[in-house]
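Since the model is a prediction, treat every value here as computed from it, not as a measurement.
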Amino acid sequence: MGIVVRKAKDQDMLPIQRLVAKAGLRDEGIEQNIESFLVVEDQDQNLIGTVGIEQYETEGLLRSLVLDSPIWTAQLSLEFLQLTLKYAEEQDMETIYLCTKGTNALFHQLGFREIEKEEVPDPIKGSPHFRRNAKADAKVWACSLLE
């Protein structure tokens, strides 16, 4: 059971959009941000996961996190997110934000903490993805990569 995590390529766009749509998420903006996506492939090179990281100077916004495969476990999810955060750190990001409707213990485990929407920096607030998803019932989380 081997997986590969890599940067998305242009030819990954349609599979990413399908995966995101299958998960019930909006795929708007993927075309403009394909270079900021990571993908996960199984041993047969099937795309089984993806996450986008929109970068705004030293801030990042996680988006479209989808893991779709019978091989996914909590441990694999944790490892994928750890790799994602490591990648963000390598891109000189200092803080990562995300919007979600629920609470996920996995994010707590990785160092995310819930914050008020007012604490989010303006460049992140200006992201079309953030504006669409930071509705009244959504929670905003932040993780410092400097600690």
Side-chain angles (χ1 to χ4, degrees), residues 2-13 15-42 47-69 71-147:
I3 62 167
V4 173
V5 177
R6 62 171 175 79
K7 282 190 72 160
K9 302 173 190 167
D10 286 340
Q11 61 264 35
D12 295 317
M13 183 139 14
I16 290 172
Q17 289 172 320
R18 286 183 182 142
L19 193 63
V20 167
K22 182 179 175 186
L25 301 174
R26 299 173 71 140
D27 66 357
E28 295 167 13
I30 292 174
E31 300 89 7
Q32 295 86 359
N33 294 295
I34 190 69
E35 72 284 345
S36 69
F37 274 77
L38 299 175
V39 295
V40 183
E41 293 178 334
D42 64 16
L47 195 138
I48 59 171
T50 190
V51 66
I53 311 173
E54 293 181 15
Q55 186 168 359
Y56 299 90
E57 296 181 19
T58 61
E59 313 292 329
L61 177 64
L62 280 186
R63 58 165 294 170
S64 307
L65 172 64
V66 179
L67 307 170
D68 180 37
S69 172
I71 69 166
W72 279 112
T73 62
Q75 183 62 35
L76 278 176
S77 297
L78 179 62
E79 289 173 13
F80 177 52
L81 285 169
Q82 286 172 326
L83 285 170
T84 301
L85 294 177
K86 183 66 177 160
Y87 172 78
E89 190 177 338
E90 290 170 357
Q91 303 306 304
D92 296 323
M93 293 183 223
E94 297 175 359
T95 307
I96 298 293
Y97 297 87
L98 67 92
C99 295
T100 183
K101 289 186 178 147
T103 302
N104 189 321
L106 200 55
F107 293 123
H108 283 290
Q109 200 171 354
L110 291 168
F112 281 88
R113 62 180 176 80
E114 189 174 351
I115 63 170
E116 297 296 322
K117 291 180 183 125
E118 296 77 33
E119 296 178 62
V120 175
D122 288 338
I124 298 290
K125 284 182 187 173
S127 159
H129 181 78
F130 186 87
R131 287 195 314 262
R132 267 193 315 275
N133 292 289
K135 308 288 185 222
D137 60 339
K139 297 177 192 242
V140 179
W141 300 81
C143 178
S144 173
L145 302 177
L146 298 176
E147 298 171 354

In Å and rounded to the nearest 0.5 Å, what is the [atom1] to [atom2] distance from [X] to [Y]?
{"X": "E89", "Y": "C143", "atom1": "CD", "atom2": "SG", "result": "9.5 Å"}
{"X": "F130", "Y": "I124", "atom1": "CZ", "atom2": "CD1", "result": "8.0 Å"}
{"X": "Y56", "Y": "T95", "atom1": "OH", "atom2": "OG1", "result": "15.0 Å"}
{"X": "C99", "Y": "H129", "atom1": "SG", "atom2": "NE2", "result": "6.5 Å"}
{"X": "S127", "Y": "Y97", "atom1": "OG", "atom2": "OH", "result": "13.0 Å"}
{"X": "E41", "Y": "T50", "atom1": "CD", "atom2": "OG1", "result": "11.0 Å"}

Could you check I96 against L85 for side chain to side chain contact (heavy atoms under 4.5 Å, CB included), going step by step and ending with a plain yes or no? CA-CA 8 Å; I96 298 293; L85 294 177; 4.0 Å; yes
Min side-chain heavy-atom separation [X]-[Y] under 4.5 Å:
{"X": "Q17", "Y": "L19", "result": "no"}
{"X": "K125", "Y": "P121", "result": "no"}
{"X": "E114", "Y": "V140", "result": "no"}
{"X": "L62", "Y": "W141", "result": "no"}
{"X": "F107", "Y": "L81", "result": "yes"}
{"X": "I3", "Y": "I48", "result": "yes"}
{"X": "R63", "Y": "I30", "result": "yes"}
{"X": "F37", "Y": "V51", "result": "no"}

Do the side chains of K7 and E35 get close enough for a salt bridge, i.e. N-O under 4.0 angstrom?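 Salt bridge flag = no for E35 with K7.
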Less than 4.0 Å between a side-chain N and a carboxylate O, is that true for D12 and R18?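 No, this pair does not count.
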Can a side-chain donor-acceptor contact be found between E54 and S36 if the only test is distance below 3.5 angstrom?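 Distance-only check fails for S36 and E54.
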Any side-chain donor near an acceptor of the partner, Q55 and E59, under 3.5 Å: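 The criterion, which ignores hydrogens and geometry beyond distance, is not satisfied for E59 and Q55.
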Evaluate the criterion side chain to side chain contact (heavy atoms under 4.5 Å, CB included) for residue pair I53 and T84; output intermediate values, then yes/no. CA-CA 8 Å; I53 311 173; T84 301; 3.5 Å; yes
So which heavy atom on [X] is nearest to which on [Y], and how close?
{"X": "A138", "Y": "N133", "answer": "CB-O, 3.1 Å"}
{"X": "V20", "Y": "R26", "answer": "CG1-O, 3.5 Å"}
{"X": "L106", "Y": "A74", "answer": "CD1-O, 4.3 Å"}
{"X": "L145", "Y": "M93", "answer": "CD1-O, 3.4 Å"}
{"X": "K9", "Y": "I34", "answer": "O-CG1, 3.8 Å"}
{"X": "L25", "Y": "L65", "answer": "CD1-O, 4.1 Å"}

For [X], I'd like to know if atom [atom1] has over 12 heavy atoms of other residues, nucleotides or ligands within 6.0 Å.
{"X": "K117", "atom1": "NZ", "result": "yes"}
{"X": "Q32", "atom1": "CD", "result": "yes"}
{"X": "Q11", "atom1": "CD", "result": "yes"}

Is there a donor-acceptor pair closer than 3.5 Å between any side-chain N or O of R131 and the backbone N or O of G126?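 Pair found, side chain donor or acceptor close to backbone of G126.
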Please report the C-alpha distance between L38 and R6 in whole Å, then the side-chain angles of each, then the deciding distance to 0.1 Å, and finally whether the side chain to side chain contact (heavy atoms under 4.5 Å, CB included) criterion is met. CA-CA 6 Å; L38 299 175; R6 62 171 175 79; over 6 Å; no
